[in-house]
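Beneath this line is the structure, given in structure tokens, with notes to follow.
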Amino acid sequence: MEKKEQFKEFIYITFAMLFISASVYFFLVPSGIVVGSISGLAMVLSQLLSMPMSLITLILNAVLLVVGFFLIGKEFGAKTVYTSFLLPIFLWMFEKMFPFEGSITGNAVFDLAAYILMIALGQAMLFRVNASSGGLDIVAKVISKYTHMEIGKAVTLAGMVTAFTSIFVYDVGTLVVSILGTYANGQAIDYFIDGFNKKKKICILSNDYEVIKEHILNHMKRGVTLYKAQGGYEKTERTELVTIMTVNEYRQLLNYLQTANIEAFVTVSTINEVIGTWNIKRKESR
């Protein structure tokens with residue numbers, strides 16, 4: 001990976017962790033709800049052991065990090081080392097900068113909803129670049145790797161253990177809400193990941209298919225497949241051009257067809273997953 005790409009990924013991961021840390025400090029902790037996560041477990045242990053939540057988070061992450069290195073891989077482990085230290089650091093910063101007690105929204109349900117949406121988005125961002133926020137995300141990644149379970153469902157499975165620990169500190173009502181919140185968190189992660197992975201399959205019928213093909217291959221650096229097609233009414237043989245692009249690339253292609261005044265019949269379908277070497281763009285011939 002080029003240094004520029006590494007720097008972009010570094011900023012991306014840092015932003016995701018800031019998002020996750022804010023969701024924990026401003027919404028999870030004040031609500032008192034133990035949604036299945038390392039932060040939720042740290043909330044329980046901090047009250048049982050009378051230790052700072054940031055310190056417990058650091059200790060738990062360090063133990064699980066070793067597991068990640070051995071069972072998932074060095075790249076994942078290296079990125080998770082960085083994120084594992086960022087979480088307690090950001091929590092410590094928030095503790096110093098915004099020392100308060102109680103809920104921002106004044107409603108535990110609102111706190112839970114905001115937390116689930118924020119942390120699920122942050123987790124999905126990290127999983128997308130083969131990283132995690134540490135803690136139970138490492139456990140979920142291990143489960144997903146060896147069982148081929150969707151990552152959101154793996155997060156739910158790992159988090160249920162933590163959710164059940166809430167009974168040691170809170171009441172039965174909190175336990176029920178924690179279980180529901182853990183389930184919703186896993187569902188939200190899969191939803192966001194599907195959104196990140198969403199692609200467009202574009203089928204084009206045009207007499208200028210050669211011009212379109214050259215534009216896609218040489219300017220957009222995407223692959224193209226050509227199929228022979230026959231009209232059902234006039235029996236005219238045509239060439240259908242098929243390509244797969246990101247949503248932004250699809251919009252660029254439509255803009256090109258319009259500005260170039262190319263007559264074309266275009267059909268588009270949404271696909272949620274592409275397996276293989278699709279994401280490796282074509283390189284210029286040397």
Side-chain angles (χ1 to χ4, degrees), residues 1-16 19 73 75-76 79 117 120-131 144-145 148 150-152 187-286:
M1 185 183 296
E2 297 179 357
K3 289 185 178 181
K4 184 177 180 181
E5 292 300 320
Q6 288 179 334
F7 179 74
K8 287 182 179 179
E9 195 170 88
F10 169 82
I11 298 299
Y12 180 86
I13 291 174
T14 302
F15 179 77
F19 211 61
E75 180 189 352
F76 175 84
K79 291 177 180 178
L117 290 176
L121 177 58
Q123 288 171 306
M125 291 171 65
L126 293 176
F127 286 134
R128 186 178 177 225
V129 294
N130 193 31
S144 178
K145 177 179 179 180
H148 304 291
E150 291 181 337
I151 191 65
Q187 294 295 308
I189 290 173
D190 281 337
Y191 173 80
F192 285 125
I193 288 178
D194 286 343
F196 288 140
N197 293 335
K198 191 174 294 183
K199 306 291 185 299
K200 295 293 185 181
K201 180 180 180 181
I202 308 159
C203 303
I204 303 173
L205 286 172
S206 174
N207 292 331
D208 297 317
Y209 71 90
E210 286 286 354
V211 177
I212 300 172
K213 181 188 72 172
E214 291 302 316
H215 177 78
I216 294 174
L217 291 175
N218 298 323
H219 293 278
M220 303 190 73
K221 309 301 180 186
R222 284 297 181 196
V224 173
T225 302
L226 301 178
Y227 295 95
K228 290 297 181 182
Q230 186 180 63
Y233 180 71
E234 296 181 346
K235 308 298 182 181
T236 304
E237 287 196 355
R238 306 286 295 276
T239 298
E240 182 185 41
L241 183 153
V242 179
T243 184
I244 296 176
M245 295 182 173
T246 65
V247 175
N248 287 335
E249 289 170 341
Y250 159 63
R251 291 169 182 161
Q252 293 172 20
L253 179 61
L254 285 187
N255 183 62
Y256 165 74
L257 295 176
Q258 292 172 357
T259 56
N261 293 320
I262 294 177
E263 292 187 2
F265 178 77
V266 183
T267 57
V268 183
S269 58
T270 300
I271 53 180
N272 291 323
E273 186 175 10
V274 178
I275 299 173
T277 57
W278 172 87
N279 203 38
I280 301 176
K281 285 198 171 187
R282 295 177 62 255
K283 296 182 179 180
E284 298 279 359
S285 301
R286 293 179 182 269

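Heads up: numbering here begins at 1 and tracks the sequence.
- Proximity of a side-chain donor or acceptor of E234 to a complementary backbone N or O of G231 within less than 3.5 Å is not detected.
- Of all heavy-atom pairs spanning R222 and L217, the tightest one is O-CD2, 3.3 Å.
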* Asked: After noting the C-alpha distance and the side-chain angles of N255 and Y250, does the key distance pass the side chain to side chain contact (heavy atoms under 4.5 Å, CB included) rule?
  -> CA-CA 9 Å; N255 183 62; Y250 159 63; over 6 Å; no

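- Of the N and O atoms on the side chains of T270 and K198, not one donor lies less than 3.5 Å from an acceptor on the other residue.
- Residues K79 and A131 come closest through the heavy atom pair CB-CB, 3.7 Å.
- Closest approach of F19 and G122 over heavy atoms only: CD2-N, 4.4 Å.
- For the atom pair CD of E75 and CG of N130, the computed distance is 4.5 Å after rounding to the nearest 0.5 Å.
- In this structure, L257 CG and T259 OG1 are separated by 8.0 Å, a value rounded to the nearest 0.5 Å.
- Taking 4.5 Å as the limit, some side-chain heavy atom of L253 sits within range of a side-chain heavy atom of M220.
- Remark: K199 NZ to K201 NZ distance equals 15.0 Å, nearest 0.5 Å.
- Using a 4.5 Å heavy-atom threshold, the side chains of T243 and T225 count as separate.
- Of the charged side-chain nitrogens involved, none lies within less than 4.0 Å of a carboxylate oxygen, so that E240 and K228 do not count as a salt-bridged pair.
- Using a 4.5 Å heavy-atom cutoff, the side chains of K8 and E5 are in contact.
- The shortest heavy-atom contact between I189 and Q123 is CD1-OE1, 3.0 Å.
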* Derivation and outcome, side chain to side chain contact (heavy atoms under 4.5 Å, CB included), residues V129 and Y12 -> CA-CA 9 Å; V129 294; Y12 180 86; 3.8 Å; yes

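- Looking at heavy atoms from C-beta onward, V266 lies in side-chain contact with V268 at the 4.5 angstrom threshold.
- E249 CD to K221 NZ: the interatomic distance, rounded to the nearest 0.5 Å, is 12.5 Å.
- Under the 4.5 Å side-chain criterion, counting only non-hydrogen atoms from C-beta, S206 is not in contact with L241.
- Residues I202 and M245 meet the side-chain proximity criterion, which asks for heavy atoms closer than 4.5 Å.
- Remark: L205 CG to R238 CZ distance equals 5.5 Å, nearest 0.5 Å.
- The side-chain heavy atoms of I151 and D190, taken from C-beta on, include a pair separated by under 4.5 Å.
- For CD of Q230, the number of neighbouring non-hydrogen atoms (other residues, nucleotides, ligands) closer than 6.0 Å is greater than 12.
- Across every non-hydrogen atom of A124 and F192, the tightest pair is CB-CB, 3.6 Å.
- In terms of modelled atom types and a separation under 3.5 Å, the side chain of D208 and the main chain of I262 share no donor-acceptor contact.
- Taking E210 as the reference, K213 meet the side chain to side chain donor-acceptor pair (under 3.5 Å) condition, with sequence neighbours excluded.
- Residues F265 and I204 form no side-chain contact, since every pair of their non-hydrogen atoms from C-beta on lies 4.5 Å or further apart.
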